[in-house]
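Inspection log for the structure reproduced underneath, given as structure tokens.
Here is how names work: the chains are called A, B, and so on, in the same order as the sequence lines, proteins then strands, and each is numbered from 1.
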Number of protein chains: 4
Amino acid sequence: MSLILDTPLVKNGHSFYVRAMPKVTAEHRLARRAQIVAAARSCVAEQGFHKTTMADVIRESGLSAGAVYGYFKSKDEIVAAIADDALGSIDKLFDELLARPEPLTPVGALQTVLEHVIFLAEQPGGDVTRIAVQAWAEALHNEAVHATASSKYLLLRGYFVEIARRAQADGTIDADTDPEYIAQVLFGMLPGFILQRLLLGDVSPATYTAGLAALLRP
Amino acid sequence: MSLILDTPLVKNGHSFYVRAMPKVTAEHRLARRAQIVAAARSCVAEQGFHKTTMADVIRESGLSAGAVYGYFKSKDEIVAAIADDALGSIDKLFDELLARPEPLTPVGALQTVLEHVIFLAEQPGGDVTRIAVQAWAEALHNEAVHATASSKYLLLRGYFVEIARRAQADGTIDADTDPEYIAQVLFGMLPGFILQRLLLGDVSPATYTAGLAALLRP
Amino acid sequence: MSLILDTPLVKNGHSFYVRAMPKVTAEHRLARRAQIVAAARSCVAEQGFHKTTMADVIRESGLSAGAVYGYFKSKDEIVAAIADDALGSIDKLFDELLARPEPLTPVGALQTVLEHVIFLAEQPGGDVTRIAVQAWAEALHNEAVHATASSKYLLLRGYFVEIARRAQADGTIDADTDPEYIAQVLFGMLPGFILQRLLLGDVSPATYTAGLAALLRP
Amino acid sequence: MSLILDTPLVKNGHSFYVRAMPKVTAEHRLARRAQIVAAARSCVAEQGFHKTTMADVIRESGLSAGAVYGYFKSKDEIVAAIADDALGSIDKLFDELLARPEPLTPVGALQTVLEHVIFLAEQPGGDVTRIAVQAWAEALHNEAVHATASSKYLLLRGYFVEIARRAQADGTIDADTDPEYIAQVLFGMLPGFILQRLLLGDVSPATYTAGLAALLRP
DNA sequence: GATGAATGAGAATTCATTCAT
DNA sequence: TATGAATGAATTCTCATTCAT
């Protein structure tokens with residue numbers, strides 16, 4: 001990004017300076033925001049939202065205090081952005097599920113989700129599931145986080161409703177039960193999986209799917 | 001804590017009250033600790049661990065700063081005590097389950113647990129499940145809370161192992177699957193229930209048990 | 001303020017500790033507030049409201065940051081308190097005027113006021129008139145200061161209305177003019193005196209009263 | 001400031017615009033400075049010197065940060081420029097007074113000045129008198145502003161000395177009093193007028209002149 | 001010269017904890 | 001032991017100013 005001319009051009013009796021109009025703004029701004037969120041995310045995955053100080057985020061992001069505050073008005077906005085970002089993983093789970101050509105069974109859907117959760121958790125830059133757990137706690141007294149969390153979770157749970165409906169249609173599952181209830185249970189297995197993985201460390205998609213399969217098999 | 005004298009002694013320009021110091025120390029100490037934890041718990045249920053300040057706890061408990069610090073060395077100790085207290089509810093769930101005369105089926109056990117969770121959550125003094133969610137987040141970077149949480153959760157999950165074994169013994173559940181895996185799934189339904197109840201507000205023991213029953217019914 | 005007893009009194013089978021109930025609160029609180037305002041005032045007299053930092057006030061007051069914030073919720077509150085305090089000098093001018101046994105003429109009243117302004121300005125702890133000038137500027141965009149200033153100024157101007165009325169009654173001043181207008185002019189000489197004294201340094205009650213007397217003498 | 005090219009040059013992934021640099025430098029510079037001072041003045045009239053940030057000035061002026069700093073080395077220089085500009089109104093008062101063909105009486109001179117003060121205050125771009133009040137406060141701890149203010153005020157006061165001399169010459173005013181003292185009082189009525197107008201809002205040239213006339217009439 | 005993103009010192013404020021009484 | 005005023009390090013956020021383009 002070098003300045004091209006140091007000496008003014010002279011044309012029509014006027015001197016001209018060449019001014020860079022960096023296209024920067026749009027993408028650059030987003031990239032910087034992402035950079036900051038990434039820095040913050042890795043702090044939060046380690047220390048939680050509240051032990052993470054702005055100084056941590058600033059240091060980790062490699063920017064200055066002023067720069068960070070140029071992209072986010074407050075720590076709360078960064079917290080919300082991290083939560084959004086982490087809960088955005090839900091969208092990725094969703095895409096993964098919808099990419100499947102054939103319809104999935106309940107167990108199949110759960111297995112797919114669990115495997116993708118593990119995949120996401122192991123991405124570099126801080127375990128998303130750790131952030132999800134922070135987000136659960138935060139959502140209880142932070143309306144912004146609550147709003148994101150509930151909408152994302154309703155979305156994913158909606159997918160399980162669809163799975164339940166199909167299973168009811170082909171007679172695999174009792175057709176008289178509200179598919180929402182079935183989805184509550186299926187979706188409701190995720191937090192328990194995440195929590196046991198983080199706190200007890202002895203679950204895996206394989207053990208979990210095996211356990212569920214055993215329960216479902218008559 | 002009776003006052004012996006109603007009229008203050010005045011000496012050196014200061015007034016003094018003479019106050020009875022009951023010898024009860026042992027129980028008294030415990031009562032005081034409980035009083036502080038109760039105060040702190042109701043703050044934490046509303047605001048979370050980190051937004052709850054010592055000043056909040058001190059005000060809510062009706063004691064003085066010095067008094068509170070006489071019973072707890074630090075905020076961290078109070079946090080640990082609240083987590084212990086909240087996770088102690090697990091013991092109550094457990095007692096509830098063991099009190100049953102006849103052995104429970106997986107669905108029955110879950111229903112019993114969910115109903116008791118609701119019962120505990122609705123006790124006055126702050127919803128325990130809100131504190132549990134805070135404790136999950138805290139456990140990720142607070143060893144004391146992590147230790148309590150994991151031991152309690154292993155204990156409760158152990159109960160579900162027992163349930164699974166019984167169901168395998170009487171042929172209700174496939175006997176070739178490790179009962180630990182089955183317990184992971186059964187126990188793993190609790191966090192999802194708690195979370196959906198707090199964040200989405202549309203689950204109940206009835207809907208959940210119906211959903212699970214539909215899944216299990218062939 | 002020494003603790004009287006180190007060893008518990010034992011009476012009626014109970015042990016007693018003697019607890020100091022410092023009468024502190026009421027007067028002590030006021031004294032501390034005054035101490036902080038005094039510190040702040042001397043800073044403000046030198047540097048103005050905005051160049052005076054909380055760190056300055058804290059250092060000058062000899063207290064800690066926390067202590068200062070225990071008495072004032074914000075810098076704005078301290079600013080308001082200083083303005084109140086400085087504008088409270090108006091009350092002192094007023095008292096001075098009302099203490100006079102015989103009624104004053106316009107020139108006499110002005111002279112008395114100017115002399116007392118000088119007296120107050122020369123008190124140790126920061127020239128009040130410098131703070132008054134800051135308060136004028138502040139009042140233009142600080143509602144709290146504006147409210148105090150306008151009420152105090154109306155009060156003092158009201159005194160001059162009274163002076164004007166008397167002068168009209170005894171025929172010294174034209175009776176057909178609204179005494180409020182006359183008071184506006186009399187009271188309105190004060191800011192100009194204060195300003196010329198601070199910025200030009202060449203006015204005194206003597207020169208000012210001489211000038212006014214010359215104007216009034218036919 | 002005409003753009004020669006409508007289509008950006010693109011080079012190295014950046015787009016460039018070529019802009020005409022008028023040779024006008026001298027006037028252009030002054031125009032730009034005036035533009036910046038005007039922007040800053042309207043901010044200061046609303047918020048005072050210290051609440052006005054450079055960001056405010058930059059936004060209001062429509063220029064870039066760099067551009068503003070190209071014309072003023074620091075905020076302090078802008079503050080000084082605004083004060084100079086506002087105190088420059090004194091020159092306008094002065095011109096107004098000297099433009100009168102016949103010599104003025106003290107009351108006449110004051111009336112003329114007050115009326116012109118109102119005229120200036122009501123010009124668009126921020127009430128000059130509000131800025132004057134800020135300048136008074138600033139002059140107490142800003143040598144540049146102090147220097148400008150005192151020289152301007154001495155100048156205007158000098159005019160009143162002249163008025164006083166004339167009145168002494170034609171016997172309207174006692175000849176034994178130093179005309180400087182009389183000027184102190186006459187000039188000293190201005191700040192009180194400005195302040196009462198801004199803080200109390202109930203004075204006008206008419207009420208003020210009426211009040212003064214009543215005082216002077218035997 | 002012009003731009004505006006970036007800088008970083010410094011400001012206001014909070015809060016866990018202590019300690020004289 | 002009990003009190004609660006006091007402490008001061010740590011935290012969030014601002015804003016005058018610079019500098020690569």
- Note on the structure: In terms of heavy-atom contacts, B/Ala40 and B/Ile78 come closest through CB-CG2, 3.8 Å

- Task: Establish, with yes or no, whether the OP1 or OP2 oxygen of E/dG1 is under 4.0 angstrom from a side-chain nitrogen or oxygen of D/Arg29.
- Result: yes

- With sugar-phosphate meaning primed atoms plus P, OP1 and OP2, does C/Leu63 contact a base, only sugar-phosphate, or nothing at under 4.0 Å between heavy atoms? sugar-phosphate

- Item | Interatomic distance, A/His28 NE2 vs E/dT3 P [rounded to whole Å] | 19 Å

- Readout for nucleotides 14-19 of chain E: B = base within 4.0 Å of protein heavy atom, S = sugar-phosphate only, - = neither; 5' to 3' it is BBSBB-

- Using whole Å, report how far CZ of D/Arg59 lies from P of F/dA16. 12 Å

Could you list the donor-acceptor pairs under 3.5 angstrom formed between side-chain atoms of residues 64-73 of chain C and any protein atom two or more places apart in sequence or on another chain?
residue: C/Ser64; atom: OG; partner: C/Ala67; partner atom: N; Å: 3.2

- Task: Answer yes or no: is there a side-chain heavy-atom contact under 4.5 Å between D/Phe49 and D/Asn142?
- Result: no

- Picking from B/Asp85, B/Asp84, B/Asp56, what satisfies salt bridge (Lys or Arg N to Asp or Glu O under 4.0 Å) with B/Arg41? B/Asp85

- Query: Based on Watson-Crick and G-U pairs with both distances under 3.5 Å, what dot-bracket line describes DNA chain E 5' to 3', crossing pairs as [ ] and inter-strand pairs as |?
  - Reply: .||||||||||||||||||||

- Note on the structure: Taking every heavy atom of C/Gly48 against every heavy atom of D/His141, the minimum-distance pair comes out as CA-CE1, 3.4 Å

- Query: Which whole-number value in Å describes the distance from D/Phe49 CZ to F/dC15 C1'?
  - Reply: 18 Å

- Item | Between D/Glu138 and D/His50, a side-chain donor and acceptor under 3.5 Å | yes

- All heavy atoms of A/Ala86 vs all of A/Ile131, minimum pair found to be CB-CG2, 3.3 Å

- Where do B/Ala137 and A/Gln134 come nearest, in terms of heavy atoms and distance? O-NE2, 3.5 Å

- Message: Can you give me the closest heavy-atom contact between D/Ala139 and D/His146, atom names plus distance?
- Response: O-CB, 3.3 Å

- Message: Looking at F/dT1, I'd like to know if its phosphate oxygens (OP1 or OP2) sit under 4.0 Å from a side-chain N or O belonging to B/Arg32.
- Response: no

- Message: Quick check: on DNA chain F, is the nucleotide nearest C/Tyr71 upstream (toward 5') of the one nearest B/Gly70, or the reverse? Name the residue that is more 5'.
- Response: B/Gly70

- Query: To the nearest angstrom, how far is C/Ile78 atom CD1 from E/dT13 atom P?
  - Reply: 9 Å

